[in-house]
Asker: 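Have a look at the structure that comes next, please.
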Amino acid sequence: MDDNENKSFHRPIWDDNGQFHYELISQPKENNHLAICLVPPEKVIPIIFIPGVMGSNLKNQQSEVWQFSASSLKKWTLASPDKRKFLLDPKTTTVDDRGAILNDGVDGNKFPSRRDRGWGSAFYKSYGEALDRLQYLLNDDDILMDNYFREAQLQTARQRFTGVRIGDEPAEQVLTEVETAHSHRFLYPLHVFGYNWLQSNVDSATLLGAYISKVLGDYHGRLAVNKVILITHSMGGLVARHYSENMNGQENILGMVHGVMPDLGSPAAYRRMKTGERGVTGMIIGDSAEKLMPVLAQSPGPLQLLPGSAYGPGWLKIEGNGPRQSLPVDDPYEEIYLNKTAWWRLCEQDLLLGDTQKEWWDYQDRIKVDVKKFIEKLNDKYHPQTWLFYGANENNPSDAFLTWKEKIPLRVKEAQRFRKDAGEPLELSPLRTHELISAGTPGDGTVPVSAIRISSPRIHGVLATDVDHEGAYAVDPVDRSRSVYHDLSDALMFTVRSVVKIVQQVPTP
């Protein structure tokens, strides 16, 4: 008798408590039948994804405020500045975890449901498909078990990534067979930490600490190590770093993977205040200063994306009839953000709505207390196990610097000349005679390469790649001809690989 005919393989069956058992059929002793129970990874290393600005669903006491749904989005296209300011108020909004989830039940009983793991708090348009694929790439161990039941042996994603370089990256970033094999000894439930991106990132970091404690408690008895891995998008990286490095949270974190994090801040935050957001997002959140400035001025989180001192001088240039200026010379806070008189100042008091004097005073305090302290205290601080990727493509023009250029229409110039000749000169606000021009430098469309710090003894791996800011974790490559895989972005491959590198610190169970 063929040995294979006298033995059987049995998959584990997971129960509601995250434990597994086997269902076996008794065989007569004289058959000498061998039942082989396939043992899955048991120990858990939780992974928490932290979205970027505008990446978490929000609600107030009455209804949805910010969510990828028809009822939520349709209210914004015709919303007045007053309504936008009222709805997008950091003091009255909270996280809404009722959003859509892709493939909610696909993980079975191995982990809590995706809704219980916070997936409903993530803005579906930005993260729905990405979260689903990321979870699959990190937990495709069933492929190895299925190999016992078929002749053709398949590989997991991590096995396919082994030995493969992304572009001309350093050889030490490439996975080895030993590292990949070690990673298959653990389970990686993916959680989402949704947060109110309007409030200060300090407050969000405090809540992140509580969320990490809850996640670790949920897996009590199953943990491979009493730590989590954080994967972040954009501003979520600042939240994670503040918790880790400024709130003694480092001991709870095994490592971090950052995607398109505006490490030094971005001039795009200034542009949004002065001209509104661009594209489809602008149609929703606000495409002019009149619509968006009242919201951003009351919201510490978005203001904390402004360039700090470490970004350097001269990122705001003013060109016109007078002498050319290049600002800041030294202090962006005093020269630009708190400036109350220059026409190119960040905040215009008369656009703040309501009691504009009180709103200005509140804004000043926000810049001095919430924004400056947060940015400067976080500068050059990283978790000891940090990996990051960023956009570096010239086809995603970004704001390394901004220039106000005088641009007066010919008909307005003629009117000025006519009025001047008549002894009644026509005075125009410089905001009407100047246009804010992007530098169009390489980046991800929002964060320029100049906003990324890639040199630190705590940063172990870096990937410069072709991603746009909002879609940094998109599944499909931007350019299939330049990506390692035609059906998977280099950014997601780098993210999974970075997790594998980070777990090498954990002893074999």
Side-chain angles (χ1 to χ4, degrees), residues 53 81 84-85 88 90 197-198 200-201 235 238 262 264-278 282 285-320 325-354 356-376 398-405 429-439 446-448 450-451:
V53 66
R84 292 171 188 275
K85 181 180 179 181
L88 292 170
W197 41 270
L198 296 168
S200 171
N201 288 317
M235 190 171 79
L238 306 183
L264 307 179
S266 173
Y270 172 92
R271 172 178 50 76
R272 286 195 189 103
M273 280 278 281
K274 299 300 287 185
T275 64
E277 185 56 281
R278 301 180 292 199
I285 193 72
D287 56 4
S288 67
E290 289 79 9
K291 294 178 181 177
L292 195 51
M293 188 178 293
V295 173
L296 297 182
Q298 70 179 356
S299 306
L303 291 173
Q304 288 164 338
L305 296 173
L306 287 162
S309 299
Y311 191 92
W315 54 263
L316 181 62
K317 306 178 189 303
I318 297 94
E319 299 179 358
Q325 297 185 70
S326 189
L327 301 167
V329 175
D330 180 56
D331 184 347
Y333 307 96
E334 293 296 332
E335 296 173 43
I336 302 174
Y337 311 151
L338 293 170
N339 191 316
K340 194 177 180 181
T341 57
W343 64 265
W344 37 258
R345 63 193 181 275
L346 175 65
C347 186
E348 300 166 44
Q349 181 178 329
D350 57 340
L351 294 182
L352 297 184
L353 305 177
T356 58
Q357 183 58 63
K358 181 180 183 303
E359 292 289 330
W360 173 260
W361 286 335
D362 290 344
Y363 165 78
Q364 280 185 316
D365 290 342
R366 213 162 280 129
I367 292 293
K368 293 175 181 178
V369 177
D370 295 318
V371 177
K372 183 176 181 178
K373 288 184 178 179
F374 174 81
I375 292 174
E376 300 305 319
S398 306
D399 305 318
F401 60 89
L402 297 164
T403 304
W404 284 105
K405 286 191 175 182
S429 164
L431 283 172
R432 294 184 61 189
T433 61
H434 287 71
E435 182 179 2
L436 189 59
I437 307 296
S438 170
T446 298
V447 178
S450 55

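The first residue of the sequence shown is numbered 1, and numbering continues consecutively from there.
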Asker: To the nearest 0.5 angstrom, please state how far the NZ atom of K358 sits from the OH atom of Y363.
Answerer: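 Going from the NZ atom of K358 to the OH atom of Y363 covers 16.0 Å.
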Asker: Treating K372 as the side-chain partner and V369 as the backbone partner, does any N or O pair qualify as donor plus acceptor under 3.5 Å?
Answerer: no
Asker: Rounded at 0.5 Å granularity, tell me how far CD in E348 sits from NZ in K340.
Answerer: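 Nearest 0.5 Å value for the CD-NZ distance: 13.0 Å.
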Asker: Atom CG in D399, atom CG in L316: separation rounded to 0.5 Å?
Answerer: 11.0 Å
Asker: Scan residues 295-307 for pairs that pass salt bridge (charged side-chain N to carboxylate O under 4.0 Å, His left out), counting only residues two or more places apart or in two chains.
Answerer: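 Sorted result for residues 295-307: empty, none.
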Asker: What distance separates E335 CD from L346 CG, expressed to the nearest 0.5 Å?
Answerer: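 CG of L346 is found 13.5 Å from CD of E335.
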Asker: Taking it one step at a time, do R272 and T446 satisfy side-chain contact (heavy atoms from CB on, under 4.5 Å)?
Answerer: CA-CA 10 Å; R272 286 195 189 103; T446 298; 3.6 Å; yes
Asker: Dump the intermediate steps for side-chain contact (heavy atoms from CB on, under 4.5 Å) on E319 and W404, then the final yes or no.
Answerer: CA-CA 6 Å; E319 299 179 358; W404 284 105; over 6 Å; no
Asker: Measure from the side-chain N and O atoms of R84 to the backbone N and O of I285, and report whether any donor-acceptor pair falls under 3.5 Å.
Answerer: yes
Asker: Between K405 and E435, does at least one N-O distance fall below 4.0 Å, as a salt bridge requires?
Answerer: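 The answer is no: the pair does not qualify as a salt bridge.
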Asker: Any heavy-atom pair between the side chains of Y270 and L436 that's under 4.5 Å?
Answerer: yes
Asker: Donor-acceptor pairs under 3.5 angstrom involving side-chain atoms of residues 291-309: please list them, not counting sequence neighbours.
Answerer:
{"residue": "K291", "atom": "NZ", "partner": "D287", "partner atom": "OD1", "Å": "3.2"}
{"residue": "Q298", "atom": "NE2", "partner": "K85", "partner atom": "O", "Å": "2.9"}
{"residue": "Q298", "atom": "NE2", "partner": "L88", "partner atom": "O", "Å": "2.9"}
{"residue": "S299", "atom": "OG", "partner": "V295", "partner atom": "O", "Å": "2.7"}
{"residue": "Q304", "atom": "OE1", "partner": "N201", "partner atom": "N", "Å": "2.9"}
{"residue": "Q304", "atom": "OE1", "partner": "N201", "partner atom": "ND2", "Å": "2.9"}
{"residue": "Q304", "atom": "NE2", "partner": "S200", "partner atom": "OG", "Å": "3.1"}
{"residue": "Q304", "atom": "NE2", "partner": "D370", "partner atom": "O", "Å": "2.9"}
{"residue": "S309", "atom": "OG", "partner": "E376", "partner atom": "OE2", "Å": "3.3"}

Asker: Using 0.5 Å steps for rounding, measure from the CG atom of N339 to the CG atom of L327.
Answerer: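 With rounding to 0.5 Å, CG (N339) is 9.0 Å from CG (L327).
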Asker: Any sub-3.5 Å donor-acceptor pair from T356's side-chain atoms to L352's backbone N or O?
Answerer: no
Asker: Between P448 and Y311, which heavy-atom pair has the shortest distance, and what is it?
Answerer: CG-OH, 3.7 Å
Asker: Specify the closest pair of heavy atoms between S438 and S398, including all atoms of both residues, with the distance to one decimal.
Answerer: OG-O, 3.4 Å
Asker: Indicate the ring-plane relationship of Y337 and Y333, choosing parallel, tilted or perpendicular according to the 30° and 60° boundaries.
Answerer: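 Geometry flag for Y333 against Y337: perpendicular rings.
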Asker: Which heavy atom of A400 sits nearest a heavy atom of W315, and at what distance?
Answerer: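 Here A400 and W315 meet closest at O-CB, 3.9 Å.
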Asker: Answer yes or no: is there a side-chain heavy-atom contact under 4.5 Å between P313 and V329?
Answerer: no
Asker: Would you check if the distance from the ring center of H434 to the ring center of W343 is below 6.0 Å?
Answerer: yes
Asker: Could you grab the distance from atom OG1 of T403 to atom CZ of F401, nearest 0.5 Å is fine?
Answerer: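 Spacing of OG1 (T403) from CZ (F401) equals 5.0 Å.
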